[in-house]
Structures are given as structure tokens and as C-alpha cells.
Amino acid sequence: YKRYNTLSRAIKSVVYQTYKNIEILIVDDNDPNDSYSQGLKKMVFELDIPNLKLVTQEKHINGAAARNVGIKNAKGEFIAFLDDDDLWLPEKIEKEVEFIKHLPNEVGAVSNRKVFCNNGKISHISEVWNADENQNFKVISKQMNIQTCTLLIKRQYLDVTGYFDPNLRRHQEVQLMAFFTAKYKVEFLDEILTVIDSTDVMNRPNSNMLIEYKKSFFDSIFPVIKNYSSHKQKLIYAQHDRLSCLLGSDLFVWHVCRMVYGLAGAPVAAEHLLGVHSAVWLLPAAGASPAAARADRLREDSRQSDRFQ
């Protein structure tokens, strides 16, 4: 969307995969016939890759809608996603296909470790996680970060659990995995096979936008959240409330309203929520001003490249 300067690198990382039976679909997320669409068409024509198809849309909506268009046009047994500024290491698909073939039917997808780069330098490497019985809860509460560009998903399973919510402007990956891991497991391949380029921050939202995005996100995954106990629901909201230290109290107040009117079925005091693990992030340290507390949290979150994903 509104760029194609890194796309050639992403495409070549797919072309150079050791697993060759790959259909490459590029979804143009721009408005038809604008300068970005024209540049994209020219690039695809010049690359001249036989198994590559450019998919256009009638109008720009958002990244979730664009990904859904790609899924619907795909013909393969498996689905894999790649953003235009990221890339796969050469054995990514081959190793994931071989790995998933030997897993039980309850496993619907596999993921891998990823390395994050900023301006050409490695910033950090993703954590290792296990697909235990709490995977769905960990995904929803963002304790487990499964990014779509690391995934290889069984297409039939994805058709069952549903695609990206086109109404969301943020957290589409968590929304997709919230519904997917509610029914199937995602297993972890402990190898670095994906590179995330976090240099471009063009699409990161400001504080006010993020509050609205959070509201939409929680509404979208409410059918999954409601299946948890009221205590675990509080933990989910509290975990996301880490950002409230930056954004002020509006998001927290909204969460309290959700707890009072939408989740627990009975009034819940704000001080009750403040006692929940992780919600202490909402409170400044003794003697510290709210501004200082937000600044401290900003410095901490600046080290988390996935905080807006």
C-alpha cells in the first residue's frame, strides 16, 4: 500500500525458495490506476515471473481486505503470507511443508522464528514458544506473537475458522489467530526462516487512532473472549492495557465499561481491575508524575517492534 520499492526483494525471496511448487499472488492494495498501482504493474511486467499473478481490487479498503482477496484467489493446499517489506529465507516453505506433514490433524498451521531488522541491521530475534493448551489465551492476550508472514496454514482449516476481519485497521493478525487457535493448534518450528523489516513506520497509528483500533479489535474477537471466565477476560484486557500508560485513561475507562456492561454481567469496581496482574502498568511509580510514567513506558515499548501489529 502506497509503496513498491521493497516489493521486488520480497518477491525474489519467494522465487528463490527451494520448494518450487508455489503460486505467487500479489494483491494491489492501492486505488486502481493511481501512481502506485501503475508502478506496481510496471514492476510485475518487468520481473516476468511465470507463476506470479497480480490481483487488483475495485478500490482500496485496508490490509485485512487485501489479504482476504489473496486467500480467495489462491488455489493451493496451503496458504502463506508475506508483506511487501519482509522476506523469507530460501528454505522457509520447504521446511514448513515437511514439518506439517508429520504433525497430527489437530495442527492447522506451523510458524517459525523471525529476525527483526532496522535500516539493514539486526535489532533482535523473536522468542521461542510452545503450542500448549493455553495457546489461544496467550495469542489473544499477546503473550504469544504469531505473525502471519511466518505461517504456513492449511487452506481447508482456514476456511473453517474464517479470514481477516475487513473492518479492522489494526491487530488483524491477532484477530485471525484468535479464531484459528480456538479450534486448531499452531506448531512452532524452531528455526529462523523469516526476516521482518521494521524500518518503515509509515503505517503506525497515533494514540487516538490506536484507541479506536483497540475498540474495534475487542469487538471483533468478543465471540472468542466470551468463552473465558471473567477472571481470564480481565487478564486479557489488562495485558492489552500496557499501552494505556502512553495513551492516557480513555482506553482503560472503555475497558471498565466493557467489563461492567458487556462481559462480567455485574458491576466491577475499577480498583478490582487495578489489582489484576499487568494492570499495575496503569499506575505511575511512587513520586513519579503521570507524564514521567508514560515516558518510561514509551522507552520500554520502543524496544518492542511488534507493539502495533
Side-chain angles (χ1 to χ4, degrees), residues 1 6-7 10-11 13-14 17 22-27 29 55 61-74 76-89 92-93 95-97 99-100 107-117 126-127 129 131 135-136 138-140 142-189 191-198 200 203-204 213 217 220-221 224 305-309:
Y1 174 62
T6 58
L7 179 61
I11 293 172
S13 81
V14 181
Q17 289 293 302
I22 297 177
E23 172 192 37
I24 306 174
L25 300 176
I26 300 175
V27 181
D29 194 25
V55 181
I61 301 177
N62 55 38
R67 289 182 176 97
N68 288 343
V69 169
I71 296 170
K72 292 172 183 176
N73 278 270
E77 179 184 355
F78 300 102
I79 299 288
F81 303 95
L82 183 63
D83 288 347
D84 64 336
D85 55 344
D86 301 329
L87 61 149
W88 293 336
L89 296 187
K92 194 263 189 190
I93 299 298
K95 288 191 173 184
E96 287 185 327
V97 168
F99 183 47
I100 201 170
V107 177
V110 294
S111 178
N112 60 76
R113 295 190 78 181
K114 48 194 178 288
V115 59
F116 292 84
C117 295
S126 65
E127 71 286 352
W129 50 263
Q135 185 175 55
N136 182 252
K138 290 178 180 178
V139 166
I140 296 173
K142 299 198 75 173
Q143 298 175 55
M144 182 181 291
N145 179 20
I146 306 177
Q147 288 184 269
T148 50
C149 55
T150 67
L151 288 169
L152 184 78
I153 308 179
K154 294 178 181 177
R155 168 63 184 270
Q156 288 184 335
Y157 288 32
L158 188 59
D159 289 341
V160 171
T161 60
Y163 303 164
F164 296 94
D165 183 346
N167 296 310
L168 293 184
R169 299 292 301 276
R170 219 67 187 176
H171 302 305
Q172 304 101 319
E173 294 177 323
V174 184
Q175 171 264 319
L176 184 81
M177 287 291 99
F179 286 93
F180 194 84
T181 56
K183 190 171 182 63
Y184 304 112
K185 280 187 177 181
V186 178
E187 280 291 350
F188 183 70
L189 179 59
E191 292 192 45
I192 298 172
L193 298 172
T194 305
V195 179
I196 307 294
D197 190 339
S198 57
D200 192 346
N203 292 324
R204 287 185 178 174
Y213 295 164
F217 165 71
S220 178
I221 67 168
V224 179
S305 67
D306 62 344
R307 69 186 190 276
F308 291 138
Q309 305 208 12

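One distance of note links CG of L89 with CZ of R113; it measures 13.0 Å at 0.5 Å rounding. One distance of note links CD of Q135 with CD1 of I140; it measures 11.0 Å at 0.5 Å rounding. Taken to the nearest 0.5 Å, the CD1 atom of I71 stands 7.0 Å off from the CD1 atom of I153. With values rounded to the nearest 0.5 angstrom, D84 atom CG is found 6.0 Å from L7 atom CG. Separation of atoms CG (N167) and CD1 (I61) is listed at 9.5 Å; rounding is to 0.5 Å.
Listed here is the closest heavy atom pair of I196 and C149: CD1-SG, 3.1 Å. Taking every heavy atom of both residues into account, V55 and L25 meet most closely at CG2-CD2, 4.3 Å. The heavy-atom pair separating L151 from A109 by the smallest distance is CD2-CB, 4.3 Å. Residues S13 and Q17 come closest through the heavy atom pair O-NE2, 2.9 Å. Here the closest heavy-atom approach between residue N145 and residue W129 is recorded as O-NE1, 4.3 Å. The shortest non-hydrogen separation linking E23 to N73 is OE2-O, 4.0 Å.
Only one option out of T148, T150, T194 pairs with S111 in a side chain to side chain donor-acceptor pair (under 3.5 Å); it is T150.
The closest donor-acceptor contact from the side chain of R155 to the backbone of E77 lies at 3.5 Å or more, if one exists at all. Of the possible donor and acceptor atoms, none in the side chain of D86 sits under 3.5 Å from a partner among the backbone N and O of A10. Between the side chain of E173 and the main chain of Q147, no donor-acceptor pair closer than 3.5 Å is present. At distances below 3.5 Å, not a single donor-acceptor pair connects side-chain atoms of E187 with backbone N or O atoms of G108. A distance-only check finds a donor-acceptor pair linking the side chain of S198 to the backbone of C117 [under 3.5 Å].
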Audit row: N62, L168, side chain to side chain contact (heavy atoms under 4.5 Å, CB included) steps and yes/no
CA-CA 8 Å; N62 55 38; L168 293 184; over 6 Å; no
Apply side chain to side chain contact (heavy atoms under 4.5 Å, CB included) to the pair V14 and I11, showing each step before the final yes or no.
CA-CA 5 Å; V14 181; I11 293 172; 5.7 Å; no
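Annotation: side chain to side chain donor-acceptor pair (under 3.5 Å) contacts of E96 (sequence neighbours excluded): K92, N112. Applying the side chain to side chain contact (heavy atoms under 4.5 Å, CB included) test to K154 and every residue at least two apart in sequence or in another chain returns F78, I100, Y157.
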Under 3.5 Å, which donor-acceptor pairs link side chains of residues 177-185 to any protein atom two or more places apart or in another chain?
| from | atom 1 | to | atom 2 | distance (Å) |
| --- | --- | --- | --- | --- |
| T181 | OG1 | N136 | ND2 | 2.9 |
| T181 | OG1 | M177 | O | 2.5 |
| K185 | NZ | E106 | OE2 | 3.4 |

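Counting heavy-atom neighbours within 6.0 Å of R169 CZ, excluding the residue itself, gives a total of 12 or less.
By the 4.5 Å heavy-atom criterion applied to side chains, L158 and Y163 are counted as neighbours.
Under the 30°/60° scheme for interplanar angles, the aromatic rings of F164 and F81 are found to stand perpendicular.
A salt bridge does not link D29 to R67: none of the charged nitrogens lies less than 4.0 Å from a carboxylate oxygen.
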